[in-house]
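Take a look at the structure set out below.
What you are looking at is a predicted structure, and each value in this text was computed from that prediction instead of being measured. The chains referred to below are lettered A, B, ... by the order of the sequence lines, with proteins before strands, and numbering in each begins at 1.
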Amino acid sequence: MKNEQVAGALRDIGFLTEVEDGPNAQFKSRAYYRAADAVEGLDEDVSAVYEKGGIDALLEIPGVGKAIAAKIEEHVKTGKIRYHEELRAKLPIDTAQLRIEGIGPKTLKAIYAKLKVTNLAELEAAAREGRLKTVPGISAKKEQDIIKRIEFAKKGGGRHIIGEVWPMIKQIESRLKGLPGVADASVAGSVRRMKETIGDVDFLAASSDPEKVMDFFTSMPEVAEVKGRGSAKAFVRLRGGIDADLLVVPENSWGSALQYFTGSKEHGVELRRIAIAKGLRLNEWGVFEGERQVAGRTEQDVYRALGLAWMPPEIRENAGEIELAAKGALPELIKYGSLKGDLQVHSNNTDGTATIEEMALAAKEFGLGYIALTDHTKSLAMAGGLDGEELLEQANRIWELNDRLEGVQVLASAEVNIMKDGSLDIENNVLDRLDIVGAAIHSNFNLPAEEQTARLVHAAENPAVDIIFHPTGRLINRREGYPVDIAKLVETAKDTGTALEIDAHYNRLDLKDEYAWLAVKSGVKLVIDSDAHHPLHYAFLQFGIGQARRGWATESDVLNTLPADRLLKAIK
DNA sequence: GCCGTTTTCGGCCCGACTGTTTTCAGTCG
């Protein structure tokens, strides 16, 4: 897809025009940012859009007018935009690298004008040598602050994986809820939207005594540093290096504040536009007609005042949800807790930590009616993978176990290895005797996309394979995942009736949200599995459901919302 | 630079917090 490159160039232009003089510079800049977002969010490749419909088709993209359409055309044809090059000649800074918190375009321009700083290394050197404070508007204190921020950014101050910070966040949330004088409290932001990674954590509380709540918040044991505090907001850095904000509002602003603090930014911007069109004003304190608050107590009230149905946080990305909410045509997303079984579970026969029976009983305890026992197969020697004979022996033991188990059933299954050529490391005559079969790639990650895709397609075409597990192989923040033409895989899954997995382990979340969306849109069935290697791992399922919701999946899109008997009929 | 339930011109999301050039610009979410 060329979309990311085009969007990147447009966003860079947005950044570089933000510092231009003239009364309209900021609006021009904003127009480029908007167009960049729109191009990035396209379902289709922007170059394909152009090839098919020319400039007119580009003009159909919201936020793209004549001038930007011409620049997109230029990028599609030549790979660059002259206007972009001109701006870069004037201010040749590495904008991607110099996105340091607290330093915006204006400051960067001033720094460049005085010190000719163009990248992060030069910025750090200038700060450490004390030259930065010679730039107008930068004090010695700010210079020290910038050094700290660069250090933070360098030691992976990036985004945190949701599952890793979840327990601490939920604990803080629950403490805030229980605080005397607090009517309600909630985590908001990207955590509430169930994004796979979290930049910072936003907490919200409703109270008539904000000072007391902020005192509590800033003195929690998890707080490493208090970064700021006003009359309604406090900013802290938690131990482990994650930033957290707290906003305290009165009860009659709870809904509007929750909406505002949940985001996404783009969703909020669109809502405020709608408010203006209706002669209203929307902010964190409520919906206002003149000075009069007309909504704000609940999120439902806020959306209703704008003529919209309430939207689940997971889909608040301004990606079409607002238009559907205006028509009352939102899909009913799959609910948390609606899974009846888990189709990827490991035992200590390979790399799990508990017996099959222990995993089954833990599943029952968790509220599941069945699990598929999917131990690894022989070519994954590292995990002590099973061969065909061992798999069948295990299957027999599972079926015997089922006679003793009450209220939970174990399906004999396997996580079969997909070999380099797309074949499997277990014969079909063995796999055909199992209840259900998942297949996955665990080797040869660096094949070219075409070969990798062909490999997955071949596996999906195998009649014995019911599910492709963790289809892209990524590990969030650690490994990209192998290159795969996901559209092609989705198409094959559709044609062959193969299900695609959302592996709910928070390190994987694979399929990720946008790929899940593509699968749902194409009518491909999903399954959501914990990939449990321990009885406590069933708790991961909520993160998988979160991704599925972000992909607009309904209950009928996800096979393991069915009871076992119906599931086994529904697979291929 | 974009765009139209007020509009083809004149608007463009909104408020909190920080630091400081002490009245507001810059930045953030």
Contact class for A:Lys142 (heavy atom, under 4.0 Å): base, sugar-phosphate, or nothing?
nothing

Only one of A:Lys265, A:His267, A:Arg193 passes side chain to side chain donor-acceptor pair (under 3.5 Å) with A:Glu317; say which it is.
A:Arg193

Have a look at A:Pro136 and say if it touches a base, only the backbone sugar-phosphate, or nothing, with a 4.0 Å heavy-atom cut-off.
nothing

Looking for any heavy atom pair under 4.0 Å, which part of the strands does A:Lys278 touch: base, sugar-phosphate only, or nothing?
nothing

For A:Gly137, which contact category applies under a 4.0 Å heavy-atom criterion: base, sugar-phosphate, or nothing?
base

For A:Ile169, which of A:Val187, A:Ile162, A:Leu238 qualifies under side chain to side chain contact (heavy atoms under 4.5 Å, CB included)?
A:Val187

Under 4.0 angstrom, heavy atoms only, what part of the nucleic acid is A:Thr17 near: base, sugar-phosphate, or nothing?
nothing

Please state the P separation for the pair B:dT5 and B:dC12 - nearest whole angstrom.
15 Å

Taking any heavy-atom pair under 4.0 Å as a contact, classify A:Ser29: base, sugar-phosphate, or nothing.
nothing

Selected nucleotide, minimal atom distance to A:Arg30 side chain, candidates B:dG29, B:dC17, B:dC13
B:dC13

Strand-adjacent residues in residues 264-277 of chain A, judged by heavy atoms under 4.0 Å from DNA chain B
A:Lys265, A:Val269, A:Arg272, A:Arg273, A:Ile276, A:Ala277

Reckon A:Arg229 touches a base, only the sugar-phosphate, or nothing at all at heavy-atom distances under 4.0 Å?
sugar-phosphate

When the aromatic ring centroids of A:Trp166 and A:Phe543 are compared, is their separation below 6.0 Å?
yes

Would you verify whether the NZ or CZ of A:Lys512 falls within 45 degrees of the ring axis of A:Tyr515 while also being under 6.0 Å from that six-membered ring's centre?
yes

Could you tabulate the donor-acceptor pairs under 3.5 Å formed by side-chain atoms of residues 194-203 of chain A, not counting sequence neighbours?
residue: A:Glu196; atom: OE1; partner: A:Arg474; partner atom: NH1; Å: 3.3
residue: A:Glu196; atom: OE1; partner: A:Arg474; partner atom: NH2; Å: 2.7
residue: A:Glu196; atom: OE2; partner: A:Arg474; partner atom: NH1; Å: 3.0
residue: A:Thr197; atom: OG1; partner: A:Arg159; partner atom: NE; Å: 2.8

In whole angstroms, the gap separating C1' of B:dC28 from NZ of A:Lys227 amounts to 11 Å

I want to check one thing: is the phosphate of B:dG19, taken as OP1 and OP2, less than 4.0 Å away from some side-chain N or O of A:Lys141?
yes

Kindly indicate whether a cation-pi arrangement holds for A:Lys116 with A:Tyr112, taking the cut-offs as under 6.0 Å to the six-membered ring centre and within 45° of the axis.
yes

Across the strands shown, which category fits A:Leu282 at heavy-atom distances under 4.0 angstrom: base, sugar-phosphate, nothing?
sugar-phosphate

Categorize A:Phe235 for me: base, sugar-phosphate, or nothing, with a 4.0 angstrom heavy-atom threshold over every strand shown.
sugar-phosphate

When all nucleic acid strands are considered with a 4.0 Å heavy-atom cut-off, which category describes A:Ile138: base, sugar-phosphate, or nothing?
nothing

Would you mind reading off the distance between A:Leu246 atom CG and B:dC17 atom P, rounded to a whole angstrom?
11 Å

Considering heavy-atom distances to DNA chain B, does A:Val64 or A:Ala234 have its closest nucleotide positioned more toward the 5' end?
A:Val64

With a 4.0 Å cut-off, would you call A:Asp145 and A:Arg149 a salt bridge?
yes

Assign each of A:Tyr32 and A:Leu280 the nucleotide of DNA chain B bearing its closest heavy atom; nearer the 5' end lies the nucleotide of A:Tyr32

Watson-Crick or G-U counterpart of B:dG29, or none if no pair lies under 3.5 Å
B:dC14

